[in-house]
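First the proteins, then the strands, lettered A, B, ... as listed; each starts at 1.
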2 protein chains.
Amino acid sequence: MEFYNKTGKMALGSRLRRLSELITEQAGKVYGYYDIDMQPKWFPVFYVLSAGEEKSITQIAQEIGHSHPSVSTIVKEMMKRGLVQESPGKTDGRKNYIKLSAQGLAINDRIRDQYTDVNAAIENALNETQYNIWKAIEEWEFLLEQKDLLKRVQDERKLRERKEVEVVAYHPKYQTAFKQLNEDWISQYFKMEAADYKSLDHPKEYILDKGGHILIALYKGEPVGTCALIKMDDDTFELAKMAVGAGAKGKGIGWILGTAAIEMAKQHDAKKLYLESNTILKPAINLYHKLGFKKVTGEPSPYERCNIQMELNL
Amino acid sequence: MEFYNKTGKMALGSRLRRLSELITEQAGKVYGYYDIDMQPKWFPVFYVLSAGEEKSITQIAQEIGHSHPSVSTIVKEMMKRGLVQESPGKTDGRKNYIKLSAQGLAINDRIRDQYTDVNAAIENALNETQYNIWKAIEEWEFLLEQKDLLKRVQDERKLRERKEVEVVAYHPKYQTAFKQLNEDWISQYFKMEAADYKSLDHPKEYILDKGGHILIALYKGEPVGTCALIKMDDDTFELAKMAVGAGAKGKGIGWILGTAAIEMAKQHDAKKLYLESNTILKPAINLYHKLGFKKVTGEPSPYERCNIQMELNL
DNA sequence: TAAATTTGCGTAATTGATTACGTAATTAAT
DNA sequence: ATTAATTACGTAATCAATTACGCAAATTTA
């Protein structure tokens with residue numbers, strides 16, 4: 001199908017189904033050619049019974065990887081054709097044991113040749129191909145068991161979005177965003193304090209002019225995250241005003257801002273980073289940990305909401 | 001599934017289906033993750049409409065390779081969700097033209113990211129594998145178009161059965177079979193003649209002792225075909241009594257016997273093979289042609305049923 | 001221009017599988 | 001010993017696709 005060359009890999013599932021339907025249909029004709037009165041869908045059930053032992057419905061279902069109702073109906077159909085016999089379990093009355101009938105066993109003898117020929121035909125076809133589909137299926141079964149498609153897509157999305165995130169230096173045009181992003185989370189959990197208004201309304205005077213820095217994270221050009229380095233002394237910056245917009249969570253923007261801030265502190269020959277936060281902000285504390293910050297006990301903070309202090313030696 | 005390692009390639013169809021179902025199911029979750037209200041099965045239809053042009057039901061069905069009722073119901077479902085609009089054809093009132101609605105177009109914008117991510121995820125998975133399943137499917141689609149599974153299996157069967165055919169020299173224990181096999185076809189088309197009874201009842205006296213040879217084809221140990229070389233002169237044998245049992249047709253036994261006879265004639269330094277037959281025996285004449293015999297006009301034959309004579313120069 | 005054929009598409013029935021649910025038999029727990 | 005939980009498996013409902021069929025519009029043919 002030419003169509004699938006345009007859709008891209010998105011349609012892998014559909015394409016697989018089409019092929020499987022094609023093959024199953026042709027396999028049906030093969031039974032006719034060998035004059036064997038059996039449907040392709042019976043094959044797995046027939047196969048597990050071909051050893052001769054009797055097996056219960058669920059046991060068969062498990063072995064062939066179908067649901068038990070599916071096996072139940074297949075067995076009913078095979079009964080009608082006289083291929084199998086059923087008998088209730090002697091010790092466990094719920095169980096329904098199935099085995100091949102005399103007729104089923106006779107077909108089993110005749111079907112051997114078909115097995116060999118079909119196997120050989122497919123094996124030969126596989127040899128004509130460059131990419132072995134049998135092994136390819138096996139690989140995919142394994143692959144998806146390791147990590148399912150959703151997880152893979154999620155990872156891919158994060159990767160892509162991370163690439164679309166850009167960290168830039170502060171510019172007055174970001175002042176509104178700088179204030180808004182911080183005000184959002186502060187007023188959600190706490191209350192805006194005087195010190196907040198000072199630095200958020202006048203970042204130039206209170207942060208930059210005092211030797212500090214402000215970083216803005218842009219996602220598709222829009223400011224979605226902020227963080228500031230406030231100069232404490234020649235060797236130390238305070239990491240503060242770390243905020244990520246609600247709509248931009250889960251893109252790893254916190255991590256990107258954090259590492260960018262650390263990088264910048266190093267460039268300005270700082271020896272230490274310090275921060276104040278609150279333990280109810282679990283994702284934030286988590287991020288600080290991942291960035292390498294350790295808990296310290298130190299000076300009391302000007303902010304009421306602070307109940308934890310952390311440091312990172314550069 | 002461990003099961004499929006035991007069944008052999010016979011279960012290729014089932015195995016493909018299982019994988020396709022697994023992938024489709026996981027793909028469904030992906031739509032949820034991107035918060036897009038669409039079902040995986042809508043994807044092909046959505047995709048062909050995403051260019052913006054309106055298309056009729058059958059046109060869509062053709063492009064995506066589904067049946068038109070399938071497209072019809074999918075469109076109905078998409079209508080309910082407000083993703084598409086329909087309008088009857090202006091020139092042709094039977095046609096039902098479908099196009100994306102404003103809402104559909106909006107989703108089309110949002111879905112782009114999902115395309116890229118899913119594509120990338122699958123592409124990466126493909127890179128983790130040794131056997132590229134995407135290309136493997138493509139190869140199989142091509143392979144089955146060239147020669148379908150049934151034909152492949154048929155060829156395989158012939159090959160196998162040919163291997164089970166053995167050509168042996170005459171032995172008195174084959175006399176009954178030698179007579180029976182020939183009598184069967186002769187009396188089916190013609191009438192047994194005096195000359196027939198002579199050579200079939202007493203092959204030793206009438207064929208072997210006069211410097212001729214008889215070959216018997218065995219299938220699984222049972223005689224199923226015969227042919228004789230009757231000495232005409234030092235340079236010539238007559239190829240006669242060529243017979244293949246009705247139950248053993250289609251296994252290429254005629255060809256095997258014919259080539260064996262030619263081989264034997266060469267070994268006995270014959271220069272020419274001669275035969276008599278009747279044009280109503282089309283498969284036989286065909287076989288003689290394939291073996292290299294050419295029509296000649298010659299002596300009248302002792303057999304009434306003969307209306308064609310052929311020769312092969314060795 | 002009327003009749004026959006083809007085309008477009010909707011509805012119904014079928015297929016092969018699934019989940020959901022109910023019932024009876026077993027097994028475990030109190 | 002009674003109650004609760006689990007297991008076996010059948011029936012019913014559902015799903016995604018298909019074929020079968022029918023009707024009406026359009027096109028071709030005579």
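- Straight-line distance from the CD1 atom of Ile98(B) to the P atom of dG8(C): 14 Å, rounded to whole Å.
- Regarding Arg15(A), its CZ atom lies at a distance of 19 Å from the C1' atom of dA17(D), rounded to whole Å.
- A salt bridge links Asp155(A) with Lys151(A): at least one charged nitrogen is closer than 4.0 Å to a carboxylate oxygen.
- Toward the 5′ end of DNA chain C lies the nearest nucleotide of Ser72(B), the other residue of the pair Ser72(B) and Ser14(B) mapping further downstream.
- Separating the CD1 atom of Ile57(B) from the C1' atom of dA25(D) is a distance of 16 Å, rounded to the nearest angstrom.
- Atom NZ in Lys76(B) sits roughly 9 Å away from atom P in dA12(C) (whole-Å rounding).
- Looking at heavy atoms from C-beta onward, Phe43(B) lies in side-chain contact with Thr7(A) at the 4.5 angstrom threshold.
- For dG10(C), one of the phosphate oxygens OP1 or OP2 lies less than 4.0 angstrom from a side-chain nitrogen or oxygen of Asn96(B).
- Atom-to-atom, CD of Glu77(B) to C1' of dA16(D) comes out at 9 Å; the value is rounded to the nearest Å.
- At a threshold of 4.0 angstrom between heavy atoms, the contacts of Thr73(B) with the nucleic acid are absent.
- One finds a side-chain N or O of Arg17(B) lying less than 4.0 angstrom from the OP1 or OP2 phosphate oxygen of dA17(C).
- If you measure from atom CZ of Arg18(A) to atom C1' of dA17(D), you get 11 Å, rounded to the nearest angstrom.
- When the shell of 6.0 Å around CZ of Phe142(B) is examined, it contains 12 or fewer heavy atoms from other residues, nucleotides or ligands.
- The side chain of Ser67(B) contributes an N or O atom lying less than 4.0 Å from OP1 or OP2 of dT18(D).
- Both Arg94(A) and Gln39(A) lie near DNA chain C, and the one whose nearest nucleotide falls closer to the 5' end is Gln39(A).
- Under 3.5 Å, the side chains of Asp148(B) and Gln26(A) contain no donor-acceptor pair of N or O atoms.
- Taking atom CD1 on Ile60(B) and atom C1' on dG10(C), their separation rounds to 15 Å, with Å as the unit.
- Taking 4.5 Å as the limit, some side-chain heavy atom of Glu25(A) sits within range of a side-chain heavy atom of Lys29(A).
- Going from atom CD of Glu86(B) over to atom P of dG8(C) covers 17 Å, rounded to whole Å.
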